[in-house]
Amino acid sequence: MTDSKHEEANEEHNVHVSSSNDVATSTSASALIVSATDKAGMEGIDRTKIDAIILRESGNSNFMKQQRKRDAAVDERIAKMKKRLDDHMQQNGGPQAWEDAERRMQPEIDRLIKKRKRLSTCVVVDMDAFYMSCELLSRPDLNDKPAVVGGGMILTSNYVARKYGVRSAMAGWIADKLVEELSNGKEKLVHVPSNFDLYTKKAHEVRSVLGEYDPKMRAYSLDEAYLDLEPYLSLRLGRGLKHEEVVAALSAAEQSTIDEEEEDEDIEGEKDDGDSKPSAENKDASLDYLSPDAALKATTTIVDEMRQKVFEATGGLTCSAGLANNFMLSKIASDLNKPNGQCIVGPTNKEILNFLRPMKVRKIGGIGRVTEKTLNAFGIKTVQELYDHRTLVQFIFAKQATANFLLQRSVGWSNSDLNSKDEEEESMGQKGISKERTFRAGRTWGEVNSKLEEIAVALSGAMLRKNLFAHTITLKVKLATFDVLSRAKSMARGVYIQSSQEMIPIVSKILSDLKKEHKGAFNVRLLGIRCSNFKEETDSRQKQLDAFLVKKPESIPPAPTAPDTVSFPKRSDVHDEDETNQTREQNLALSPYHQKTVGTSSPPVRRHVSSPRPSKATAAVSLPADEAVCPICSKVIPGDNDNLNRHVDACLNAGTVAKLVGESNKEVDQRPSKKRRVLEDFFA
DNA sequence: ATACATACC
DNA sequence: TACTGGTATGTAT
């Protein structure tokens with residue numbers, strides 16, 4: 001629910017929503033409870049007991065009431081969809097349209113199947129119980145007590161806590177109750193406050209290993225990354241290079257790609273013996289000779305090595321991996337042998353379908369609780385059924401994009417190319433930025449308003465750091481009832497804002513209007529502000545300035561937070577039953593590769609991690625590593641990012657320049673590619 | 001363009 | 001005693 005997704009995202013793939021059996025109409029309270037099926041360690045404690053406690057403790061909370069309300073709304077929508085479908089089929093053209101749709105889909109299906117990547121080189125790496133595992137490195141004593149990371153909301157739990165049904169996304173007080181009751185008061189749940197600096201540091205250790213295998217690796221969160229091993233494989237196997245040589249070659253190739261983009265010139269030279277100058281052309285060709293079987297074996301071994309290196313580089317953190325010929329499949333596979341395991345899905349259509357067909361549709365990334373429920377209501381629970389009822393699906397989901405997405409997934413097709421994703425996302429840039437804050441309901445109106453201002457200042461600071469100017473601002477309010485309201489306001493044409501001074505009057509007005517128009521108590525528990533519709537940046541000179549202003553030289557790419565679950569290094573062999581699901585777990589031996597590529601010019605690894613690149617034609621102008629220039633007052637600010645941020649906030653609060661910025665920004669520039677920009681004037 | 005929902009980690 | 005936060009995108013109007 002709020003998020004069974006948290007669990008699902010982790011290795012608890014046995015998690016289910018208890019309502020899923022009951023097609024279409026469950027609104028019962030139990031429908032809202034998510035619980036774990038018996039994983040190892042659950043013996044002795046009854047799952048129904050866990051469910052009962054959760055229900056008793058939280059069943060009457062405002063939160064749960066809201067959940068039930070939403071659940072009812074979903075049921076209502078499903079009912080409407082059914083009716084619409086019936087009506088459609090009653091019409092004259094109905095049945096005919098059905099057949100037409102069926103016929104139209106077939107070529108698309110064939111096309112997708114033909115398009116599959118030849119080898120299973122797409123890898124999803126997922127850290128095991130990441131936050132908790134990080135903590136356990138320095139707190140081994142917590143291994144035998146029930147412990148979690150997080151207070152009010154649990155981010156991750158250790159193995160002992162999971163025995164009591166404690167899992168991520170659970171409210172802290174419920175978790176406490178579970179442990180207390182189920183241990184008959186003998187145990188008490190330990191809460192470890194989250195320490196994101198630590199997790200970020202560990203994540204970078206992980207990424208520096210993964211980046212050796214694919215410099216284009218994408219980090220989706222602190223604990224999860226996507227890689228394509230094809231270039232690595234073609235050098236290691238096709239060219240017979242050693243790991244270190246491959247790493248050097250990949251990194252050189254990546255570097256030269258970047259330099260090309262940046263219109264720089266030669267870089268190569270002594271990176272490696274002139275031999276290893278790989279790059280795009282030879283990588284596709286060089287694996288052609290490799291049989292799928294041999295490739296599976298080799299890839300499995302290499303990913304095992306890679307995970308071993310992650311273990312070593314992090315001082316003992318384990319991860320799991322999934323391998324397949326696209327990322328949808330790898331993602332599912334990465335979950336199957338958690339913790340500390342991996343799973344490879346063979347590249348043939350037959351293997352893919354055997355792997356996928358029995359899966360619950362919920363396993364598919366992008367299908368959440370609601371979509372699952374909707375599909376279930378139409379008799380679709382597994383991927384097999386999703387495929388069998390593909391025509392029905394076309395009719396249920398009005399939006400073609402959605403129906404198409406489901407069709408693709410039902411035949412096991414998804415993106416397998418990190419680069420294309422790269423371009424898509426990168427060319428589009430960030431779409432919005434927001435800050436929100438939950439607090440205890442029942443504040444005075446004055447307090448609520450000052451919260452709002454705090455949020456505006458924080459958001460403004462973040463926008464300043466990223467040099468973003470927004471055309472639209474949205475206020476989000478969550479009431480004590482958990483009802484969520486939002487109101488957006490767009491500026492006049494060509495007007496963009498960034499400073500908190502500009503935001504505050506707008507959102508304050510929206511807030512008071514909302515309060516007026518809302519019937520019933522207006523007891524606020526959360527406020528959020530979102531800014532979107534950013535001003536386009538098209539001028540490359542401007543971009544250089546932006547890079548100068550915004551980029552602190554080696555600032556680490558910020559990664560969104562992510563929770564996790566279970567822990568437990570049990571490098572055991574695996575539940576590898578069915579023939580399609582080849583789980584290996586093997587050669588623990590190996591890895592003569594311990595030390596790294598010498599001077600390690602591995603910065604390129606980071607480039608692709610998460611933050612939007614300044615983009616082409618922009619060489620980041622460098623500053624001394626521990627200085628930055630305040631874009632407001634132009635002073636050089638020594639110290640780290642925090643220091644800069646503090647200064648910038650102070651500057652903003654001083655209000656002086658903010659006013660200036662605001663003024664000039666209000667000038668109308670009708671064309672998207674207008675050069676004039678405020679800050680440019682400051683620095684030109 | 002706006003409101004609200006869904007999904008993801 | 002009290003169920004997160006940040007971002008993107010879909011759906012409906």
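We name chains A, B, ... by the order of the sequence lines, and we start the count at 1 in each one. Here the structure is a predicted model, which is why all the values come from computation and not from measurement.
- For the pair T371(A) and dT6(B), the criterion of a side-chain N or O lying under 4.0 Å from OP1 or OP2 is not met.
- Per the geometry, CD belonging to E436(A) stands 5 Å off C1' belonging to dG5(C), to the nearest Å.
- Under 4.0 angstrom from either OP1 or OP2 of dT4(C) there lies no side-chain N or O belonging to R437(A).
- The phosphate of dC9(B) has OP1 or OP2 within less than 4.0 Å of a side-chain N or O from K331(A).
- Going from atom CZ of R369(A) over to atom P of dA7(B) covers 8 Å, rounded to whole Å.
- For the pair K331(A) and E224(A), the salt-bridge criterion is met [side-chain N within less than 4.0 Å of a carboxylate O].
- Note: CD (Q400(A)) to P (dT9(C)) measures 19 Å, nearest angstrom.
- For the OP1/OP2 pair of dC4(B) and a distance below 4.0 Å, the side-chain nitrogens and oxygens of R70(A) include no atom meeting the criterion.
- Between dT4(C) and dA5(B), the two P atoms lie 16 Å apart (nearest whole Å).
- For S221(A) and dC8(B), the shortest distance from a side-chain N or O to OP1 or OP2 is not below 4.0 Å.
- Closest-nucleotide positions on DNA chain B for S486(A) and H471(A) were compared, and the one nearer the 5' end corresponds to H471(A).
- A close approach under 4.0 Å does occur between a side-chain nitrogen or oxygen of K431(A) and OP1 or OP2 of dT9(C).
- Legend: side-chain hydrogen bond (donor to acceptor under 3.5 Å, both in side chains) pairs involving residues 187-196 of chain A, not counting sequence neighbours, sorted by first then second residue: Y164(A)-E187(A), D176(A)-H191(A).
- Of the side-chain N and O atoms in R525(A), none sit less than 4.0 angstrom from OP1 or OP2 of dA2(C).
- As rounded to whole Å, 15 Å separates atom C1' of dA2(C) from atom CD of Q67(A).
- Within 4.0 Å of R487(A), counting heavy atoms only, lie sugar-phosphate atoms of the nucleic acid but no base atom.
- Put simply, CG on L155(A) is 15 Å from P on dC3(C), counting in whole angstrom units.
- Checking R84(A) against G172(A), the closest nucleotide of DNA chain C that is more toward the 5' end is the one next to G172(A).
- Distance OH (Y220(A)) to P (dA8(C)): 13 Å, rounded to an integer number of Å.
- Among the protein residues, K435(A) comes within range of the sugar-phosphate backbone only, with heavy atoms under 4.0 Å from sugar or phosphate atoms but none that close to a base.
- At the heavy-atom level, S490(A) lies under 4.0 Å from the strands shown only through sugar-phosphate atoms.
- E205(A) and K202(A) are joined by a salt bridge, as a carboxylate oxygen and a charged side-chain nitrogen come within less than 4.0 angstrom of each other.
- Evaluation of the ring pair (Phe, Tyr, Trp, His ring centres under 6.0 Å) rule for F482(A) yields F63(A) as partners, not counting sequence neighbours.
- For the pair K201(A) and D197(A), the salt-bridge criterion is not met [side-chain N within less than 4.0 Å of a carboxylate O].
- Atom CG of D176(A) and atom C1' of dA2(C) are 12 Å apart (whole Å).
- Atom pair I154(A):CD1 and dT4(C):C1' shows a separation of 12 Å (rounding to whole Å applied).
- For V74(A), counting side-chain heavy atoms from C-beta on, the closest listed nucleotide (dT6(B), dT4(C), dC9(B)) is dT6(B).
- Contact annotation: T472(A) side-chain N/O to dA1(B) OP1/OP2 distance is not under 4.0 Å.
- In this structure, the nucleotide among dT4(C), dC3(C), dT7(C) sitting nearest to the side chain of K478(A) is dT4(C).
- OP1 or OP2 of dT7(C) has at least one side-chain nitrogen or oxygen of S434(A) nearer than 4.0 Å.
- Nearest-nucleotide assignment on DNA chain C puts the 5′-proximal partner with S58(A), out of S58(A) and R530(A).
- Between R77(A) and dT6(B) there is a side-chain polar atom (N or O) within less than 4.0 angstrom of OP1 or OP2.
- Nucleic acid contact for I433(A): sugar-phosphate only, since backbone atoms but no base atoms lie under 4.0 Å from a heavy atom of the residue.
- D126(A) has a carboxylate O that lies under 4.0 Å from a charged side-chain N of K338(A), or vice versa, which qualifies the two as a salt bridge.
- Among the nucleotides dC3(C), dA8(C), dA3(B), the one closest to the side chain of M64(A) is dC3(C).
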